[in-house]
Enquirer: 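Sharing a structure here in structure tokens format.
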Amino acid sequence: MTTYKGINGFAVQSVATDPTFNEGQVWYNNATYAFKLAALTTSAAWSSGGNMPSSKEGMGGAGTQTAGLGNGGTTGSNSNATLLYNGSTWTVSPGNMNTARAYCATTGTQTAAISANGNSGSYSTNSETWSGTAWTTTASPSLASGIRAASGTSTAALMSGGYSPAYQYNTPEVEAWSGSAWTTVTGLTTARTTGQGGVGTQTTAMVMGGFTYPPSGYRAEAELYNGTSWTNLTSMNTGRRYHAASGSPSSALIYFGGTAPAGAGVATSEIWNGSTWTASATGATGRQSVGGLGNSGTSAAALVFGGSVPPYSNLTESYLGAGAPVTRTITTS
């Protein structure tokens, strides 16, 4: 009789947690008493994740789909809370931000991030780094602003555009973080605010969407930064603001959520392949002012959380793109 060991040369492993796997791998999870199979998704889809402990909008976000970070936000009053996500559950970290604020720009990982600017009663120059357990106040950006696009790491970040009283709403300004100081660099081609969807590194960054005041409206333009200058790319299919993004600017990213000219929260998403935008799966709940993962997430494994429907939301949704790895439970039916 043909056996699994006879075909593969080894027996099915018994493990307490699902491993990092290759397609076609089979194992037994002795904690859930189930046989599991590693497969690939056949089509892109959003699915419900664990709800946040409280509802809020305007949160910063960083990390990955299974090791996420959410910080700040507002429920009518600004929050200094830090939330950690493990792929299924949010927990409140004891490490609160030093300054409660909403619409701060956050980038990095679950254990090493930077969060700058935002609204703490007025638009601010606050900047803090996250060690995985605590926030430390750092040197301040020169521009008091909020709702900026963030990309890069905790020691090499880029904050782009946003809302600033100094510019009477939308700003083209971009600032780079060296790990110890902020420096103003080449500004965006199109000044914009509420364009939170930044991805990439400090020297290969992408910004898309947003809004321009006075009312020239919702922006669909996307721009790429090469460390020296910004270049206009193909515009998105739908201009939107208060959105989020996840992935790599050079090859594959997804942007999602926000609000579009129709005024309601958006549930649709678009995929960037390095040259064009294509409509992708639709989430369960349209929301604006959502949190997302930025450059540490991917176009195949994104996360969106919080926001406003309205009212304020505590919902989390995970995205798996076509061809992304997925664990399936083997049943007899």
Side-chain angles (χ1 to χ4, degrees), residues 17-21 29 31-32 34 36 38-73 75 79 81-93 106-111 113 196-197 199 242-247 253-258 265-271 280-329:
T17 58
D18 294 336
T20 301
F21 51 74
N29 187 311
T32 59
K36 302 289 188 74
L40 298 180
T41 54
T42 56
S43 59
W46 290 92
S47 60
S48 296
N51 290 345
M52 298 192 306
S54 61
S55 299
K56 62 178 76 175
E57 70 174 19
M59 296 177 67
T64 68
Q65 195 179 66
T66 56
L69 170 72
N71 66 296
T75 56
S79 170
T82 304
L83 303 181
L84 305 176
Y85 192 64
N86 65 5
S88 60
T89 305
W90 289 96
T91 56
V92 178
S93 169
T106 304
T107 187
T109 68
Q110 190 185 65
T111 57
Q196 295 137 284
V199 296
Y242 292 122
H243 56 283
S246 183
L253 69 87
I254 180 171
Y255 91 113
F256 42 83
V266 177
T268 56
S269 54
E270 294 187 36
I271 291 286
S280 189
T282 298
T285 305
R287 288 172 277 166
Q288 63 180 14
S289 302
V290 292
L293 300 179
N295 57 287
S296 293
T298 71
S299 63
L303 194 72
V304 58
F305 48 91
S308 174
V309 177
Y312 301 118
S313 173
N314 68 347
L315 299 177
T316 300
E317 292 187 57
S318 296
Y319 176 87
L320 284 179
V326 63
T327 300
R328 302 196 186 281
T329 299

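Residue numbers run from 1 in the order of the sequence given. Heavy-atom basis, side chains included; hydrogens, waters and symmetry copies ignored.
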Enquirer: So, taking the atom named OG in Ser93 and the one named CG in Leu84, what distance separates them when rounded to the nearest 0.5 Å?
Expert: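 Rounded to the nearest 0.5 Å, the OG-CG separation comes to 5.0 Å.
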Enquirer: With a 4.5 Å heavy-atom cut-off, do Ser280 and Tyr319 have their side chains touching?
Expert: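 Of all side-chain heavy-atom pairs linking Tyr319 with Ser280, at least one is under 4.5 Å.
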Enquirer: What's the spacing between Phe305 CZ and Glu317 CD if we round to 0.5 Å?
Expert: 13.0 Å
Enquirer: Who are the ring-ring contact (aromatic ring centres under 6.0 Å, His included) partners of Tyr255, not counting sequence neighbours?
Expert: His243, Trp277
Enquirer: Mind listing the closest non-hydrogen atom pair of Ala244 and Val290 along with its distance?
Expert: CB-CG2, 3.8 Å
Enquirer: Report the distance from atom CG of Leu69 to atom OG1 of Thr64, rounding to the nearest 0.5 Å.
Expert: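 These two atoms lie 10.5 Å from each other.
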Enquirer: Look at the side chain of Ser269 and the backbone N and O of Ala281, then say whether any donor-acceptor pair between them is shorter than 3.5 Å.
Expert: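 Side chain of Ser269 to backbone of Ala281: a pair is present.
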Enquirer: Under 3.5 Å, which donor-acceptor pairs do the side chains of residues 48-59 form with other protein atoms, sequence neighbours left out?
Expert:
| unit_1 | atom_1 | unit_2 | atom_2 | d |
| --- | --- | --- | --- | --- |
| Ser55 | OG | Asn314 | N | 3.3 |
| Lys56 | NZ | Ser79 | OG | 3.1 |
| Glu57 | OE2 | Tyr103 | OH | 2.7 |

Enquirer: Quick one: does any side-chain atom of Arg287 pair with a main-chain N or O of Gly306 as donor and acceptor, under 3.5 Å?
Expert: yes
Enquirer: Taking all non-hydrogen atoms of both residues into account, name the closest pair between Ser313 and Leu315 and its distance.
Expert: OG-N, 3.0 Å
Enquirer: Side chains of Trp46 and Ser318: do they bring a donor and an acceptor to under 3.5 Å?
Expert: no
Enquirer: To the nearest 0.5 Å, tell me how far Thr316 OG1 sits from Gln65 CD.
Expert: 11.0 Å
Enquirer: Are Tyr85 and Thr91 close enough that a side-chain donor and a side-chain acceptor fall under 3.5 Å?
Expert: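 There is no such pair between these side chains.
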Enquirer: Does one side chain, of Thr82 or Asn71, offer a donor that lies under 3.5 Å from an acceptor on the other?
Expert: no
Enquirer: Taking all heavy atoms of Leu293 and all of Gly68, pick out the closest pair and write down the distance.
Expert: CD2-CA, 4.5 Å
Enquirer: Kindly give the heavy-atom pair with the smallest separation between Trp90 and Gly70, and that separation in Å.
Expert: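 The answer is CZ3-N, 4.0 Å.
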Enquirer: Mind jotting down which residue pairs meet the salt bridge (Lys or Arg N to Asp or Glu O under 4.0 Å) criterion with at least one end in residues 301-315? Sequence neighbours excluded, please.
Expert: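 Non-adjacent pairs meeting salt bridge (Lys or Arg N to Asp or Glu O under 4.0 Å): zero.
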